[in-house]
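The basis for the numbers below is simple: all heavy atoms, side chains too, and nothing from hydrogens, waters or symmetry mates.
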Amino acid sequence: MKYLKIIISFIALSILFVSCDEDFLQRAPLDQVTALNFFKSPNDLKTYVNQYYSTSYIPYYTNFGNDFGTDIQITRTVNTHLEGTRTVATSGSIGFGGVRSINYFFDNYKKVKESYELKDYQQYLGEAYFFRALIYFNLLRSYGDIQWFTTELGTSSPELYNPRDPRNVVADNIILALDSAAMYLMEDKTTGASRINKWIALLFQSRVALYEGTWQKYHAGTAFGVSNPQPEKYFNKAVEAASKVMESGKYSIYSTGKPLTDFKDLFSQMNYSGNVEVMFWRCYDNELVRAAWNNDRNYRMETPSGYTITKQLADAYLCTDGKPISGNPLFKGYATLLDEKQNRDPRFYQTIATPDDVWKIYEDGRILYWNELYDELNTTADFTAPSGYVILKGYNPRMIYHVQQYEETPHISFRYAEVMLNYIEAKAELGTITQSDIDKTVKKLRERVGMPNLLLTDIAVDPKWSFPSLSPIINEIRRERLVELACEGFRWDDIARWAAADELIVGQRPKGLFADQITINPFNKDGQGFMDPFQKAIPNGYGFKLNRDYLNSIPTTEIVLNPNLVQNPGWE
């Protein structure tokens with residue numbers, strides 16, 4: 001009965017599957033499902049894996065961006081992770097529910113195998129491998145070493161008391177799972193909102209491999225490192241996986257030849273079915289399902305509501321000559337946002353709202369500009385803007401798409417730009433990067449916004465590089481990744497895998513724009529006149545603990561149940 005209830009609940013959840021895949025509606029009545037006849041057909045496998053397409057598993061671009069808890073986005077309050085004030089979790093679980101449920105699939109799909117040929121169910125088998133990798137990667141990012149299980153365990157299974165497997169073993173198994181996923185998954189693009197395909201599995205494999213390779217390289221010799229690190233092995237795998245996607249010809253960079261708007265427009269579309277860059281996206285359709293979790297992103301983004309971008313991100317954007325702002329005559333200073341945006345990489349003002357932005361387009365044709373709301377900043381909770389830099393990326397000003405509940409604005413989950421950035425970073429880390437590599441990756445990203453190419457033989461020295469001990473090319477590849485993927489949820493993973501909290505977090509305070517341009521400013525400003533919202537809260541900057549805070553603590557209750565788990569470094 002326990003598994004019957006689980007199975008029925010999975011079928012109920014599948015109704016909420018956000019792919020807009022109409023064949024979902026062709027499902028067996030729930031009252032016909034029994035524990036004896038489930039896992040008898042490929043459709044049963046499909047129904048089971050549908051649960052992993054929920055927001056709990058598939059990442060997506062959400063309201064106000066996804067990089068809070070990093071150096072580039074802040075809320076009203078100091079992030080406890082960055083401040084280093086978290087304490088050991090005394091209760092809760094590591095989160096093996098997902099592992100157990102996906103392993104239940106692998107333990108039972110062979111019942112279908114007995115009656116059907118591989119071609120009939122291989123897509124769902126491939127999806128299961130993909131989601132096993134996704135579930136375990138999330139655990140790896142949180143805890144490092146983790147027990148690797150491939151079968152569904154009961155409460156009395158002795159394997160539950162195993163010690164944690166080393167993170168490199170887990171990473172290798174994740175990569176192998178993605179090899180299997182890529183082998184079984186379809187090669188078709190579909191609409192991008194239905195089911196995972198081979199190319200998404202390879203994109204994700206390049207992400208995992210780059211993550212583990214840089215983690216092993218930059219955490220080597222620390223408590224977070226591994227014995228016998230092999231970063232080059234993972235960099236090569238990242239290059240291999242990304243190359244397969246790039247060479248497939250299935251995807252390219254979205255561009256309509258409008259460099260001043262194309263980047264912004266990519267994130268504010270209402271349908272990505274024919275988009276050449278978006279590999280997977282979340283569709284909301286109230287005609288199919290009117291659910292409480294339907295997105296209301298545009299409605300929420302009308303006002304900053306305490307969620308803002310930092311000066312640390314704003315300063316990263318190059319000038320239009322492809323050189324940094326330091327000492328650059330093209331940079332017009334900070335007096336106003338309109339000055340600051342002049343002669344900058346267009347991704348600056350396609351990510352950060354400026355006073356001349358169209359903010360609301362009403363159905364009757366009326367237009368409201370952001371500067372008409374600027375004086376309202378910090379007058380109410382909705383208009384609170386701790387740094388003054390308000391996010392524009394992902395926002396659509398057309399009021400017809402602003403709904404407080406059940407908004408149908410889609411979310412991007414995976415896009416091709418990441419493939420290119422994973423490839424070029426791995427090549428830079430290997431030391432094998434060539435101008436040809438840059439031309440087929442960074443150049444294409446910059447061409448979309450009309451920026452000059454990055455030239456290996458002509459990299460302008462930036463006195464404010466975040467990583468002065470590293471090569472110029474790695475600094476610039478990291479900058480390109482930052483400005484292209486800003487607010488999409490990659491920044492913390494990048495900081496963690498680069499072991500970069502000492503450069504970017506410790507002792508730092510997030511700053512904002514030049515304070516005098518905001519009429520009402522309840523926040524502090526620093527000696528140079530820039531907004532300094534956490535000046536009193538953290539006068540010495542963030543207190544992130546380098547020997548502890550790269551990983552989460554193992555809940556005490558878990559260690560009591562299994563003393564072999566052992567606590568993570570610094571949390572003992």
Side-chain angles (χ1 to χ4, degrees), residues 61-83 85 295-315 334-338 340-341 348-349 351-360 368-397 399 402-405 407 409 486-489 491-492 508-526 528-539 541-542:
Y61 188 93
T62 187
N63 305 337
F64 307 113
N66 298 58
D67 282 326
F68 298 102
T70 73
D71 58 328
I72 66 171
Q73 283 195 281
I74 58 171
T75 63
R76 296 182 182 93
T77 57
V78 177
N79 182 274
T80 58
H81 183 194
L82 302 188
E83 169 56 355
T85 56
N295 172 43
D296 59 354
R297 186 177 77 213
N298 287 312
Y299 174 81
R300 298 297 177 192
M301 290 182 71
E302 284 180 20
T303 58
S305 301
Y307 299 91
T308 48
I309 286 169
T310 67
K311 184 174 182 291
Q312 283 85 337
L313 173 59
D315 283 351
Y334 299 100
T336 71
L337 258 175
L338 292 178
E340 196 174 347
K341 71 176 277 189
F348 176 101
Y349 50 83
T351 300
I352 300 170
T354 55
D356 54 348
D357 279 315
V358 172
W359 204 248
K360 294 184 180 182
L368 181 72
Y369 289 87
W370 179 236
N371 63 3
E372 298 177 65
L373 297 171
Y374 217 63
D375 285 346
E376 294 188 43
L377 285 180
N378 301 318
T379 59
T380 65
D382 284 345
F383 275 92
T384 299
S387 77
Y389 290 112
V390 174
I391 188 169
L392 175 68
K393 188 176 184 178
Y395 177 69
N396 188 323
M399 295 302 290
H402 295 222
V403 183
Q404 186 171 4
Q405 291 180 320
E407 189 179 311
T409 304
C487 309
E488 295 182 50
R491 188 59 172 173
W492 170 249
Q508 304 288 326
R509 287 199 306 272
K511 301 294 180 69
L513 49 68
F514 194 66
D516 287 355
Q517 60 190 300
I518 296 182
T519 304
I520 300 174
N521 181 19
F523 299 102
N524 293 294
K525 57 184 179 180
D526 68 11
Q528 296 177 301
F530 296 105
M531 294 182 71
D532 191 357
F534 299 155
Q535 184 182 100
K536 291 184 178 179
I538 49 172
Y542 288 125

Residues that [X] engages under ring-ring contact (aromatic ring centres under 6.0 Å, His included), provided they are two or more places apart:
{"X": "F348", "value": "Y317"}
{"X": "F68", "value": "Y307"}
{"X": "F514", "value": "F530"}

>> Exactly one of W359, Y349, W370 should register a side chain to side chain contact (heavy atoms under 4.5 Å, CB included) with L392. Which one does?
In response: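 Only one of W359, Y349, W370 forms a side chain to side chain contact (heavy atoms under 4.5 Å, CB included) with L392, namely W359.
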Will you find, in the side chains of [X] and [Y], an N or O donor that is under 3.5 Å from an N or O acceptor?
{"X": "D315", "Y": "Y334", "answer": "yes"}
{"X": "E407", "Y": "T409", "answer": "yes"}
{"X": "Y389", "Y": "E340", "answer": "yes"}

>> Going by the rule salt bridge (charged side-chain N to carboxylate O under 4.0 Å, His left out), which residues pair with D71 if we only count those two or more places apart in sequence or in a different chain?
In response: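 D71 satisfies salt bridge (charged side-chain N to carboxylate O under 4.0 Å, His left out) with R491 once adjacent residues are dropped.
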>> By the side chain to side chain donor-acceptor pair (under 3.5 Å) test, which pairs, at least two apart or in different chains, include something from residues 374-386?
In response: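 Pairs touching residues 374-386 that pass the test: D375-T519.
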> Do H402 and Y395 have their ring centres less than 6.0 Å from each other?
Replying inline: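 Judged by ring-centre distance (under 6.0 Å), H402 and Y395 do meet the cut-off.
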> Got a salt bridge between D516 and K525, using NZ or NE/NH1/NH2 to carboxylate O under 4.0 Å?
Replying inline: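 Looking at K525 together with D516, the answer is yes, because their closest N to O distance falls below 4.0 Å.
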>> Tell me every residue that passes side chain to side chain donor-acceptor pair (under 3.5 Å) with Q535, counting only those two or more places apart in sequence or in another chain.
In response: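 Checked Q535 against side chain to side chain donor-acceptor pair (under 3.5 Å); matches are D532.
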